[in-house]
Each structure stands twice: as structure tokens, then as C-alpha cells.
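I have placed the structure first, in the form of C-alpha cells, so that the comments after it can refer back to it.
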Amino acid sequence: MVNTRVILIGVGGATCAGKTTLAKHLCKILPNSVIVHQDSMESVPVHPVYNMQDWDNPESAVDWPRFRQFLENVKQDGRIPPDHIRNDPYNEQKKFPVDEECSAKWKSHFEEVERRAREDHGVEIVWTLVDGFLLYWDQTIRIFLRVQQDTLRERRRERDNYIVDGSTWPPDPPLYWERIAWPGYVAAHKDMFENGDVESGRPTGDRTRGMVVLENEKMSTTEVVDRCCKEIAALLRALLQQGDSYHEA
């Protein structure tokens, strides 16, 4: 009998940090993998002070009970419900290619490891990549992409209309970044870094324990993907070494 093991990989960071790009690259490399985009769970409340749609409030921008339940359901079998709305396919993104040799090397590696997992351990591995800027940190592997504010602001301002739930939203209104987007990011992540410095502070606290924090602005896309694959491979190797305890009921 083959047991299914769903492994969640959280890819977090600020808006426009490169989360979706990384998740897509990893999805192409990891066999039997799917992507869950957190933006499909956004509730988009109105900011009480500035009277504009607030996509970035850490407490209310995401329907957390719904999102947690959704992840629990995905963990059962690794399948995304057919009615799950994924906004990303409708939004244009810049291309950040990965070296083909790097992709091929890791794709071959994971295919072989997963073949051995099935044959030697009776385990079918399903990878679920959770892509979100306000992640609920309940993932086996946690990757955090850190980018400086000036770069994030410029990327956000270059973004065209955004599609959510089939509706087209215009670019950010004036001062949205300064009043809502950046303060929301800082509020959600300041406890992860020394002195609350989300740009250059050292990772600290329970939330960052075991987390892979990448300064991806200083790295090529190939370097980011290669580092992530090394971390994923190490975790999978440790899980397989656990033997019978690796099997899930």
C-alpha cells in the first residue's frame, strides 16, 4: 500500500518580492507539485482612515479561517479543488529565467528521490507550494524572500491592472504604498527581524526558526532556485531517513 505524504513549502515575502516567480520555477522542477496562491483568499476590506481598498492589512486582508481550512484540506491529498480561483494566470509578469542546466539537474534529482520513496518506503510525495505575502506559517519548508523597500516600491508602481476573482482592479491609488502597502508589510513581519528592521535586521524569534531567508535582490534567479532546491532536498533526505515514522496515517 502506498501512503500519500503532502509537504507544504511556504514562499513568503513582501508584495513584488518574486514569490510567484520562484513558486512557478519550483513547481516545474518538483514532480507531482501544485501551487496555492494566497491572493485567492483575500477579503480586501476598506481602510478605516484612508477610505480605500486595503490589500495589505495583516489581520483582515486575508480570510484566515478559510485559508487555514483550505490548507488543511490540501494536506489531506495534495489536490486543489476545481473551483479554487487562481488569480495569477491572468496577471502579466516579467520573465526571470533559470539556467536550464540547474533546472534539469534538480528535476532529475527529485524524480529519482521520489521514485525511491515509492519503492523503498511506500510513500507518494505531493509538493504543495503556498505563495503569499501574509503567509500562515504552517508549512514544512519556509522560504522568505527579502527585498529592499525602494526596489519593491518601483516594482509595484510598474505593475499594470490586477485581476482578482475575475474583476480588473486599476493600479494603486496615490500614496497607497506609503500609507498602506509598506506599513502593512512591516506590521506583519517586524517581529521576524532584530529591532523590527525588515530590510537589514537579522532574522530572530520563533517565526524564523528553520526558515530560509534569502536576500534575493542580491542573487540571480538561478541562485535562488538552486539554494531552495538544496534546502528542499536536505529536508526530504531527513524525512526518508526517519523510516517508518515517515509514513502518515
Side-chain angles (χ1 to χ4, degrees), residues 8-23 26 37-39 41-50 52-64 67-68 71 96 129-159 172-221 223-232 234-235:
L8 299 184
I9 301 176
V11 182
T15 174
C16 298
K19 304 178 299 298
T20 300
T21 297
L22 174 58
L26 293 177
H37 297 289
Q38 187 187 52
D39 59 7
M41 305 290 174
E42 289 179 343
S43 58
V44 199
V46 174
H47 195 282
V49 176
Y50 302 115
M52 62 178 72
Q53 298 287 346
D54 184 349
W55 302 82
D56 296 273
N57 186 297
E59 296 182 358
S60 57
V62 174
D63 185 341
W64 290 112
F67 185 49
R68 292 187 180 101
L71 289 185
F96 293 92
L129 296 145
V130 187
D131 159 26
F133 69 107
L134 291 172
L135 275 184
Y136 169 58
W137 295 108
D138 188 28
Q139 290 80 43
T140 309
I141 302 171
R142 298 174 296 160
I143 300 166
F144 189 87
L145 304 180
R146 185 159 69 166
V147 178
Q148 298 299 296
Q149 178 183 187
D150 289 345
T151 301
L152 294 170
R153 182 195 298 114
E154 187 63 26
R155 290 179 182 176
R156 178 106 178 191
R157 287 177 175 171
E158 290 176 353
R159 191 166 67 183
D172 294 335
L175 298 178
Y176 181 87
W177 176 266
E178 292 80 2
R179 291 176 172 177
I180 295 179
W182 181 250
Y185 169 69
V186 173
H189 300 92
K190 61 184 179 181
D191 63 328
M192 293 170 49
F193 302 98
E194 285 186 348
N195 302 317
D197 185 352
V198 298
E199 292 191 273
S200 56
R202 293 177 55 186
T204 186
D206 293 339
R207 287 181 64 190
T208 61
R209 187 170 293 112
M211 183 185 296
V212 181
V213 178
L214 299 178
E215 310 286 345
N216 63 319
E217 190 177 5
K218 304 174 184 178
M219 306 168 68
S220 69
T221 307
E223 289 173 331
V224 171
V225 169
D226 186 63
R227 170 68 187 282
C228 291
C229 286
K230 288 177 181 177
E231 297 289 340
I232 295 169
L235 171 85

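In this chain, residues are counted from 1 in sequence order.
Within the 3.5 Å criterion, the main-chain N or O of Glu199 finds a donor-acceptor partner in the side chain of Asp197.
The minimum heavy-atom distance between Leu26 and Cys229, with the atom names listed, is CD2-SG, 4.0 Å. Smallest separation of non-hydrogen atoms from Pro203 and Val213: CG-CG2, 3.9 Å. Between Ala17 and Val147 the shortest heavy-atom distance is O-CG2, 3.9 Å. A pairwise comparison of heavy atoms in Gly201 and Arg146 identifies O-NH1, 2.7 Å as the closest pair. Asp131 approaches His37 most closely through the heavy-atom pair OD2-ND1, 2.9 Å. What you find for Ala14 and Leu152 is that their closest heavy atoms are CB-CD1, 3.5 Å.
The OG1 atom of Thr208 sits 12.0 Å away from atom NE2 of His189, with the distance rounded to the nearest 0.5 Å. How far SG of Cys228 is from CG of Leu214: 5.0 Å, rounded to the nearest 0.5 Å. Atom OG1 of residue Thr151 and atom CD of residue Gln148 lie 7.0 Å apart, to the nearest 0.5 angstrom. Note: Arg227 CZ to Met219 CE = 6.5 Å, rounded to the nearest 0.5 Å. To the nearest 0.5 Å, atom CG of residue Asp226 and atom OG of residue Ser220 are 9.0 Å apart. Expressed to the nearest 0.5 Å, how far CD of Glu178 lies from CD of Gln149 amounts to 8.0 Å.
Arg153 is listed as a side-chain neighbour of Asp150, based on a closest heavy-atom distance under 4.5 Å. Residues Phe144 and Met192 have side chains in contact (heavy-atom distance under 4.5 Å, counting atoms from C-beta outward). Residues Val198 and Tyr185 meet the side-chain proximity criterion, which asks for heavy atoms closer than 4.5 Å. The side-chain heavy atoms of Ile141 and Leu8, taken from C-beta on, include no pair separated by under 4.5 Å.
Checking Glu194 against Thr204 by side-chain atom types alone, no donor-acceptor pair falls below 3.5 Å.
Remark: Arg156 is not positioned above the aromatic ring of Tyr176, lacking an NZ or CZ atom under 6.0 angstrom from the ring centre and at most 45 degrees off the axis.
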Check against side-chain contact (heavy atoms from CB on, under 4.5 Å), Ile9 and Val130: CA-CA 6 Å; Ile9 301 176; Val130 187; over 6 Å; no
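Remark: Lys190 pairs with no residue by the salt bridge (charged side-chain N to carboxylate O under 4.0 Å, His left out) rule, at least two apart or across chains. With sequence neighbours excluded, the residues satisfying ring-ring contact (aromatic ring centres under 6.0 Å, His included) with Trp177 are Trp182.
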